[in-house]
**Q** 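Just dropping this structure here.
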There are 2 protein chains.
Amino acid sequence: MNTKTRKAQEIANREELLLDIALELMAETGFAGLTMDKITQRSQYSKGTVYNHFACKEDVLCALCCRSMRLQIELYQRINDFAGSTREKMIAMAYGYRLFNRLYPTLSMVVLSMKTPNIMEKTSSIRSTSVSEHENKIVGIAVKLIEEAVALGDIPASQNVDANAATFAAWSMAFGTNALSSAVVHKSSKFCSAGFDSQYALLYNVNLLCDGLNWKPLSNQQDYLATWQRIGQELYAKELAMLEQNETLY
Amino acid sequence: MNTKTRKAQEIANREELLLDIALELMAETGFAGLTMDKITQRSQYSKGTVYNHFACKEDVLCALCCRSMRLQIELYQRINDFAGSTREKMIAMAYGYRLFNRLYPTLSMVVLSMKTPNIMEKTSSIRSTSVSEHENKIVGIAVKLIEEAVALGDIPASQNVDANAATFAAWSMAFGTNALSSAVVHKSSKFCSAGFDSQYALLYNVNLLCDGLNWKPLSNQQDYLATWQRIGQELYAKELAMLEQNETLY
DNA sequence: GTCACATTGTGACGAAGTGTCAATAACGAG
DNA sequence: CTCGTTATTGACACTTCGTCACAATGTGAC
């Protein structure tokens, strides 16, 4: 029985190793540069072994997506300790989301790609439900926060806010902002010339949303830019320092 | 000289034909089922000719993306004739966006995929700037509408709204809502069990955003669900009828 | 220690797809 | 009709995916 758990551990370790390699390859040679053969070559294992872990190439992405979400969850959990209003905590979630996207650009692209049909069509159901589970955990954090805001009256009861609907709105906003930001940055979009500031776009957008929910204090009652800075200092100082030194973690 | 324009016309026609085939293939066999070989086989032309039109497979998607945006623009232009406030017109844009996504599900997936790195990395620069140009046209429609709202005072000057920033927010929201809706519908997401209603999610989300901008009349001052219905009847009756009969147009 | 059995690993291989290019065909001006 | 130009073709070289018969290794009973 002991040997079994040891073996299982070894397999789990190898899986992480393979994922490290996959991520490294993607960072080096771009998204299209990831092939199963290259993973095989760079690892000390053979193709068959790699395919023992992942049913297909898309499953590798799925697994990376799960890792990505575990990392995100870690960032979001710190928010519990943040001394601030519920709205400030929601903004902290947005901060964490953006931080994640900057710190792990390759992983972020993986998450984005997972919403795309050509990937989803091919993933095995085991992997894709695993992604859903992780996703639900993140969604749960946001739902809980919004429910708390309603309970405390930060979001007036008269707004009749459904926590699920509001969470979906916030998620949509964050997801869309990130997806379009990275696209806008690279291209000759109208926004580039219009002084588009990707740094604060998410703060701005989430503030609009919260104001729409009538989530007190409103953005004209409080300086959320200051909150934004404070979140960075108090919750994510370590990660910001890494970014300063251009230490991107895939 | 006349022969040249005739020839050019023929080539343009053939390009449209090839795109029709590509779309048909995607609708039939899924996104991953699209191959250059199949396009070749189903058309009466050879591989070389197909590659004369499109530098690579991703260029086909790019071209479809442009077609997709031309169709969208057509939908949005009708809004000029809509008798309503600026905010109602913004909601009409959201309506058009959602209508487009329902009427052309395959094309919608193409647009979504274009925001993804594995596609973007491979597209030729000519095609991708063409996508940007089309995109800018759509963005321009929204910017103009928001500027008008500010000029009329529907959005109070005190909000200090930048039309570009607000457009980006609206675009992010619409894009994110659509991307996540289609993902949520298929999967065992928390939202499914929570009575997620994809039909009105975009209306709800855009209303939140407009409320956040303090775009008058606010959603508690007017029944925008009624507006939503009116938009369907007055602007998009034909398209709705098609949807009723399950006539999806790729 | 060893033997039968179970599990895990291997890499050559077939299938499928991409993009190229030398050869061929069609075109049109003179 | 002829000849240079341009468009078209499909065989080919190359890449990649995913499989499977076989090899190697690990396990536990005796």
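Computed from heavy atoms alone, side chains included, the values below leave out hydrogens, waters and symmetry copies. A, B, ... follow the sequence lines: proteins, then strands. Residue 1 opens every chain.
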**Q** Ignoring hydrogens and angles, state whether a donor on the side chain of A:N13 or A:Q9 is under 3.5 Å from an acceptor on the partner side chain.
**A**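 A:Q9 and A:N13 do have a side-chain donor-acceptor pair below 3.5 Å.
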**Q** Between C:dG19 atom C1' and B:K122 atom NZ, what is the distance in whole Å?
**A**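 From B:K122 NZ to C:dG19 C1': 11 Å.
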**Q** Between A:R14 and C:dG9, does any side-chain N or O lie under 4.0 Å from OP1 or OP2?
**A**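 For C:dG9, OP1 or OP2 has a side-chain N or O of A:R14 closer than 4.0 Å.
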**Q** Ignoring backbone atoms, test whether B:Y51 places a side-chain nitrogen or oxygen under 4.0 Å from the OP1 or OP2 oxygen of C:dG19.
**A** yes
**Q** In whole angstrom, what separates B:H53's NE2 from C:dG19's C1'?
**A**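 For the pair B:H53 NE2 and C:dG19 C1', the rounded distance is 16 Å.
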**Q** Answer yes or no: is there a side-chain heavy-atom contact under 4.5 Å between B:S108 and B:V111?
**A** no
**Q** From C:dG9, D:dT8, C:dG11, pick the nucleotide closest to the side chain of A:T49?
**A**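 Comparing C:dG9, D:dT8, C:dG11 against the side chain of A:T49, the answer is C:dG9.
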**Q** In this structure, how many angstroms lie between the P atom of D:dA11 and the CE atom of B:M36, rounded?
**A**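 Spelled out: CE on B:M36 to P on D:dA11 is 18 Å.
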**Q** Over how many whole Å does the gap from B:I11 atom CD1 to C:dA26 atom C1' extend?
**A**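 The distance from CD1 of B:I11 to C1' of C:dA26 comes to 13 Å, rounded to the nearest Å.
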**Q** Measuring from the side chain of B:K47 (C-beta onward, heavy atoms only), which nucleotide among C:dG17, D:dC17, D:dA11 has the closest atom?
**A** D:dA11
**Q** Looking at A:N52, does any N or O in its side chain come under 4.0 Å of the phosphate oxygens OP1/OP2 on C:dG9?
**A**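 Checking A:N52 against C:dG9: at least one side-chain N or O falls below 4.0 Å of OP1 or OP2.
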**Q** Give the nucleotide from the list D:dG10, D:dG18, C:dG9 with an atom nearest to the side chain of B:S46.
**A**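 In terms of side-chain proximity for B:S46, the closest of D:dG10, D:dG18, C:dG9 is D:dG10.
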**Q** Could you tell me how far apart B:D37 (CG) and D:dC14 (C1') are, to the nearest whole angstrom?
**A** 14 Å
**Q** Identify whether any heavy atom of A:T35 sits under 4.0 Å from a base atom; if not, whether one sits that close to sugar-phosphate; answer base, sugar-phosphate or nothing.
**A**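 If one applies the 4.0 Å heavy-atom cut-off, A:T35 turns out to touch the sugar-phosphate alone, with no base involved.
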**Q** Using the rule side-chain contact (heavy atoms from CB on, under 4.5 Å), only one of B:C62, B:S132, B:C56 pairs with B:R127; which is it?
**A** B:C62
**Q** Given A:M114, which partner from the list A:S128, A:C65, A:C66 fulfils the side-chain contact (heavy atoms from CB on, under 4.5 Å) test?
**A**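 Exactly one pass, corresponding to A:C65.
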**Q** Tell me the interatomic distance from A:E10, atom CD, to C:dT7, atom C1', rounded to whole angstroms.
**A** 13 Å
**Q** Between the base of C:dG19 and the side chain of B:K57, is one N or O donor paired with an acceptor at under 3.5 angstrom?
**A** no
**Q** Whole angstroms only, please: what is the CD1-C1' distance between B:I39 and D:dT9?
**A** 17 Å
**Q** What distance separates A:L61 CG from A:S68 OG, expressed to the nearest 0.5 Å?
**A**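 If we round to the nearest 0.5 Å, A:L61:CG and A:S68:OG are 11.5 Å apart.
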**Q** In this structure, how many angstroms lie between the P atom of D:dT9 and the CD atom of B:Q41, rounded?
**A** 14 Å
